[in-house]
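Note sheet for the following structure.
From a predicted model like this one, the values you see are computed outputs, not experimental measurements.
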Amino acid sequence: MEVIRLESIGHYQDDMIMPSDIFLLQLCNGVDENAVGSCAELMFAPIDASFADDAPLLPSGFRIIPLDAKADASSPNRTLDLASTLEVGPAGSRPTGDHSKNSGSTKSVMTIAFQFAFEIHLQESIAAMARQYVRSIISSVQRVALALSPSRIGSLPGLRSPPGTPEAQTLARWICQSYRYFLGVELLKSASGGSDTILKEIWDHSDALMCCSMKALPVFTFANEAGLDMLETTLVALQDISLEKIFDDNGRKALYSELPQIMQQGFACLQGGICLSSMGRPISYERAVAWKVLNEEEDAHCICFMFINWSFV
């Protein structure tokens, strides 16, 4: 065990942010373990400078369990057994687009647990803060995993589509083809590249691109990196966000007034305005474009939005 000091970290005290040092009692183990069923974990708890032997601890932490296809089925590690089901379809086969063998990367499942102390009259505000905090942690973890991945695009779990939806490369191609068809110009600079190139350019596009379903309550199904940054979410949590949640009342009215045009004409240009991230932060954007994304049969698959020159207010 070790004690970590974080210098001059701001914390709330009497509704004010007070800079001070924070001390963490930390335990890290299993990082170098390679045995089947092993795990790596980091646990920590905040303490003060005068830490007493009988002081209560509120530990939080992370546990990472590698998913090994050759793992012993009789392993007593039930978390590993549960986690392994995340990567297989109903027939026990891995979904199409699984890049684990090609990329040489090891897939893992991470468990994150946090505890927060609160006074009873502050329960709701602490719960809201805790949700935002954990979401930001998940986003940071995903970015680290993305940066360390041998193939950034190929190893993105959120880009491997669930059954009944197109592959990420196919969706990226549909997005570009539909944009060209309805607006008469190219979305990307190099429109003649292969599927992998198109997907990478969509992912790295400077404007926020995001697709939503065409259901009664549209939810987001795909976003590029700028889109995830704008919504302050992750590829995994993206599908929990509905389209109407990111707009205020005025934005929803403007959007609903343009939906008939999008469905009939195929696209619409939206005036600049304010929307909200999943954390509730206001975002300004210069303008937005929405267009129908058509599949190979020229049926409407989803609606794609592009928010141009966006920034947090």
Side-chain angles (χ1 to χ4, degrees), residues 95-97 99 153-154 156-228 230-231 233 235 238-247 251-252 254-271 275 285-310:
T96 304
H99 302 272
I153 297 299
L156 285 174
L159 296 184
R160 292 202 304 271
S161 305
T165 59
E167 292 291 334
Q169 291 88 349
T170 302
L171 178 59
R173 189 175 70 251
W174 291 352
I175 290 172
C176 295
Q177 289 175 349
S178 300
Y179 188 87
R180 182 192 315 120
Y181 177 79
F182 289 117
L183 284 90
V185 294
E186 297 292 348
L187 176 63
L188 305 177
K189 295 180 180 179
S190 57
S192 59
S195 296
D196 289 341
T197 302
I198 292 175
L199 177 58
K200 188 178 187 307
E201 288 198 30
I202 286 283
W203 179 255
D204 293 332
H205 200 284
S206 58
D207 294 320
L209 292 166
M210 52 195 76
C211 295
C212 71
S213 61
M214 300 180 65
K215 299 179 180 178
L217 182 63
V219 296
F220 290 108
T221 57
F222 172 84
N224 67 349
E225 188 170 29
L228 295 178
M230 174 178 151
L231 294 178
T233 189
L235 288 165
L238 181 66
Q239 297 183 25
D240 294 330
I241 304 174
S242 63
L243 178 62
E244 66 173 15
K245 283 186 178 180
I246 73 167
F247 290 102
R252 278 193 289 269
L255 174 63
Y256 292 151
S257 67
E258 296 290 350
L259 279 178
Q261 179 180 341
I262 297 173
M263 300 309 298
Q264 294 174 12
Q265 182 176 308
F267 76 97
C269 295
L270 309 177
Q271 294 183 351
C275 61
Y285 56 94
E286 183 180 297
R287 59 191 176 92
V289 181
W291 67 97
K292 275 195 304 187
V293 176
L294 306 179
N295 60 19
E296 304 291 357
E297 289 75 33
E298 297 189 355
D299 296 324
H301 174 72
C302 63
I303 297 177
C304 187
F305 290 84
M306 178 168 63
F307 293 88
I308 301 169
N309 292 337
W310 65 272

Report the distance from atom CG of L255 to atom CD1 of I262, rounding to the nearest 0.5 Å. 6.0 Å
Measure the CG-CD distance between L199 and Q169 for me, rounded to the nearest 0.5 Å. 5.5 Å
Point-to-point distance, once rounded to the nearest 0.5 Å, from CD of E186 to CD of Q177: 10.0 Å
Nearest 0.5 Å please: distance from the CG atom of L243 over to the CZ atom of F305. 4.5 Å
Ring pair (Phe, Tyr, Trp, His ring centres under 6.0 Å) filter on Y179, not counting sequence neighbours, yields W291
Yes or no on side-chain contact (heavy atoms from CB on, under 4.5 Å) for T233 and F220, after CA distance, side-chain angles and deciding distance? CA-CA 11 Å; T233 189; F220 290 108; over 6 Å; no
For Y181, give me all partners under side-chain hydrogen bond (donor to acceptor under 3.5 Å, both in side chains), at least two apart in sequence or on another chain. none
Taken in chain and number order and not counting sequence neighbours, the residues that satisfy side chain to side chain contact (heavy atoms under 4.5 Å, CB included) with E297 are N295, D299
Could you walk me through whether T197 and L188 pass the side-chain contact (heavy atoms from CB on, under 4.5 Å) check? CA-CA 10 Å; T197 302; L188 305 177; over 6 Å; no
List the atom of E201, the atom of K189, and the distance in Å for their closest heavy-atom pair. OE1-N, 3.9 Å
Could you report the tightest heavy-atom contact between P218 and C212, atom names first, then the distance? CB-SG, 4.1 Å
Closest heavy-atom contact between L231 and M210? CD1-SD, 3.9 Å
Applying salt bridge (Lys or Arg N to Asp or Glu O under 4.0 Å) to R252 and not counting sequence neighbours gives D249
Write down the atom of S206, the atom of W310, and the distance for their closest heavy-atom approach. O-NE1, 4.3 Å
Partners passing side chain to side chain contact (heavy atoms under 4.5 Å, CB included) against C302 (at least two apart in sequence or in another chain): L171, C211, V293
Restricting to side-chain hydrogen bond (donor to acceptor under 3.5 Å, both in side chains), what partner residues turn up for E296, sequence neighbours left out? R173, W174
S257 meets the side chain to side chain contact (heavy atoms under 4.5 Å, CB included) criterion, sequence neighbours left out, with none
For A208 and M230 the tightest heavy-atom approach is CB-SD, 3.7 Å
Using side-chain contact (heavy atoms from CB on, under 4.5 Å), reason through I202 and L187 one step at a time and then give a plain yes or no. CA-CA 9 Å; I202 286 283; L187 176 63; 3.8 Å; yes
Can you tell me which residue among L228, L209, I198 is in a side chain to side chain contact (heavy atoms under 4.5 Å, CB included) with W203? L228
Verify the neighbour count for atom CD of Q271: are there more than 12 heavy atoms of other residues, nucleotides or ligands below 6.0 Å? no
Residues two or more places apart in sequence or in another chain: which of them pass ring pair (Phe, Tyr, Trp, His ring centres under 6.0 Å) with F307? Y285
Main chain of D207, side chain of N224: is a donor-acceptor contact present, judged purely on distance under 3.5 Å? yes
Minimum heavy-atom separation for H301 to M214, with atom names? C-SD, 4.0 Å
Partner residues of N309 under the side-chain hydrogen bond (donor to acceptor under 3.5 Å, both in side chains) criterion, sequence neighbours left out: E286
